[in-house]
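Contents: one structure, followed by commentary.
In listed order, ligands and their atoms are each counted from 1.
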Amino acid sequence: MLSGAGYNAVNRLIMKAVNSKCTPVPNQAQARYIMIGGFLGAGKTTAVAKLAKRLSERGERVGLITNDQGQNLVDTAMLRSQGFATEEIPGGCFCCRFNSLVEAANKLTARTRPEVFIAEPVGSCTDLVATVTYPLRRLYGDNFTVAPVSVLADPIRALRVFGLEKGGSFSEKVLYIYKKQLEEADLIVISKCELLDDTRLEGLRQAIRGEFPEKEIMAVSARNGTNLDPWFERITSTEQGAHSAMNLDYQIYAEGEARLGWLNCTVELAAARAFDADDFLKQLASAIQTRLTAQSAEVAHLKMTLSPESGLGDIGVVNLVRNDFVPELSMRLEEPVESGQLLINLRAEAAPDLLAIAVREALATTASRFPTLDARLDHLEHFRPGKPTPTHRFESL
Ligand SMILES: Nc1nc2c(ncn2[C@@H]2O[C@H](COP(=O)(O)OP(=O)(O)OP(=O)(O)O)[C@@H](O)[C@H]2O)c(=O)[nH]1
Ligand SMILES: [Mg+2]
């Protein structure tokens, strides 16, 4: 277990070394650091984009930081396509790559001097208060004001996790991570709230309050704007409180993360005759979904972007956040496409090999339905996330 006084003592000893290894963010006025967490598919990137747009429109400079266990991130492609300065930290979570997080902030500072950083951690990651926000405040407190940590919860997923409704879900150790994420939240944010009527929403609130009585709970919809004002006001104008970090069993956490299969890949698409890219994305997502459902592999998030070679930066994006839903286009490409790059990020509770087989088969089948389309798999990585070993862990401020 990576907790306890011993850990903190070691951290105090290495603080100086760390500071010398990682150049602090240039000391402008303190920048605000906002972290928006929550389980895979909860709506983090969508909310980050909304907040970034809101702040930019107010004339504030914003820098975004994305994070993933693998390379080639759909989230980075999505946020950059909307014109936001975005740095990514691939190949491990913020807590295990703390110095990379500070370096990412430095790079953004060198480019655009953001007044606000918005960071999205990996959706299977927890213990972010002890391993990210407290270290930031202790080691770089002169540079950052840290906002309360928001943890988003997809309401349909949450109704199942809290046993209020039936439907596909995850095994016990994955749910351990899910609940721990909520436990460490300063603000629990029920996302996509327009999906529930008042009765279901109130039932969910009560269930969350029953387990986490001290927590502030909000219900928002990034899609239709419900309650974004009070939430954004809270995280842009108040500071994270100081409380003891939660206890976490790193063995169960590691086992939970390892239950999730991870696949990231890039595919080069080329066709002699232009094809409907939105239709292609939806068909491909459905074909992957069908194969995973047949194997009882619960999808946490399947997301794909298609970036046309000859576009003006517009991209198509499709998402699927559970097996018994339909793939949704969250960004569309109105014009037919002749060539481009496809990014696929898939996280599901299944063996990584099974994910790779499902993606390869679905790609071949779907491409064959589009005359003259050639889909060449360029790069594919599939793995189970390794045991989290945070750079720092501070149990208090
Ligand atoms: N109905 C509805 N859907 C939403 C809302 N916000 C986000 N979504 C959808 O939820 C899906 C997942 O959204 P993302 O923002 O990519 O979720 P995420 O938490 O960043 O996912 P990961 O980075 O993979 O963990 C997408 O299809 C979004 O369009 C909302 O307010 N209402
Ligand atoms: Mg995301």
Close approach, Gly41 and ligand 1, non-hydrogen under 4.0 angstrom: yes
Over 12 non-hydrogen atoms of neighbours within 6.0 angstrom of NZ in Lys179: yes
Count of N, O or S atoms belonging to protein, less than 2.8 Å from the Mg ion (ligand 2): 3
Parallel, tilted or perpendicular: ring planes of Phe280 versus Phe370, cut at 30 and 60 degrees: perpendicular
Location of contacts on Met78 toward ligand 1, heavy atoms closer than 4.0 Å: neither
Proximity to ligand 1 by part of Asn345, non-hydrogen separation under 4.0 Å: neither
Selected option - heavy-atom contact closest to atom 21 (O) of ligand 1, from His301, Glu194, Met331: His301
Pairing of Asp229 and Arg54 as salt bridge, 4.0 angstrom limit: yes
Plane angle bin for Phe144 and Tyr140 - parallel if under 30°, tilted between 30 and 60°, otherwise perpendicular: perpendicular
Ion pair Arg234/Asp186, N-O distance below 4.0 Å: no
SB check Lys387 Glu257 (cutoff 4.0 Å): no
Leu136 vs Tyr33 side-chain heavy atoms within contact, under 4.5 Å: yes
Basic-acidic side-chain contact under 4.0 Å: Arg393, Asp127: yes
Heteroatom proximity flag, Ala47 to ligand 1, N/O under 3.5 Å: no
Option with minimal heavy-atom separation from atom 28 (C) of ligand 1, where the choices are Thr226, Leu195, Asn67, Thr46: Thr46
Nearest-contact summary for atom 27 (O) of ligand 1 - protein heavy atom, Å: Asn319 CB, 3.1 Å
Residues which pass side chain to side chain donor-acceptor pair (under 3.5 Å) with Arg332, listed by chain and number, not counting sequence neighbours: none
N-O pairing of Glu298 and Arg322 below 4.0 Å: no
Ligand 1 versus Arg347: contacting region, heavy-atom distance under 4.0 Å: neither
Minimum-distance protein heavy atom relative to atom 17 (O) of ligand 1: Gly43 N, 3.0 Å
Salt bridge flag under 4.0 Å for residues Glu216 and Arg209: no
Option of least heavy-atom distance to atom 11 (C) of ligand 1 (set: Lys192, Glu328, Lys303): Lys192
Polar contact flag for Thr45 and ligand 1 (N/O pairs, less than 3.5 Å): yes
Contact with ligand 1 for Gly38, non-hydrogen, under 4.0 angstrom: no
Proximity of Asp75 to ligand 1 by residue part, where a heavy atom lies under 4.0 Å: side chain
Distance from atom 18 (P) of ligand 1 to nearest protein heavy atom, with residue and atom: Lys44 N, 3.3 Å
Residue part near ligand 1, for Arg223, under 4.0 Å between non-hydrogen atoms: both
Heavy-atom neighbours of Arg58 CZ exceed 12 at 6.0 Å: yes
Ser330 and ligand 1 - part of the residue with a heavy-atom distance under 4.0 Å: side chain
SB check Arg376 Glu268 (cutoff 4.0 Å): no
Sub-4.5 Å side-chain heavy-atom contact between Thr112 and Phe84: no
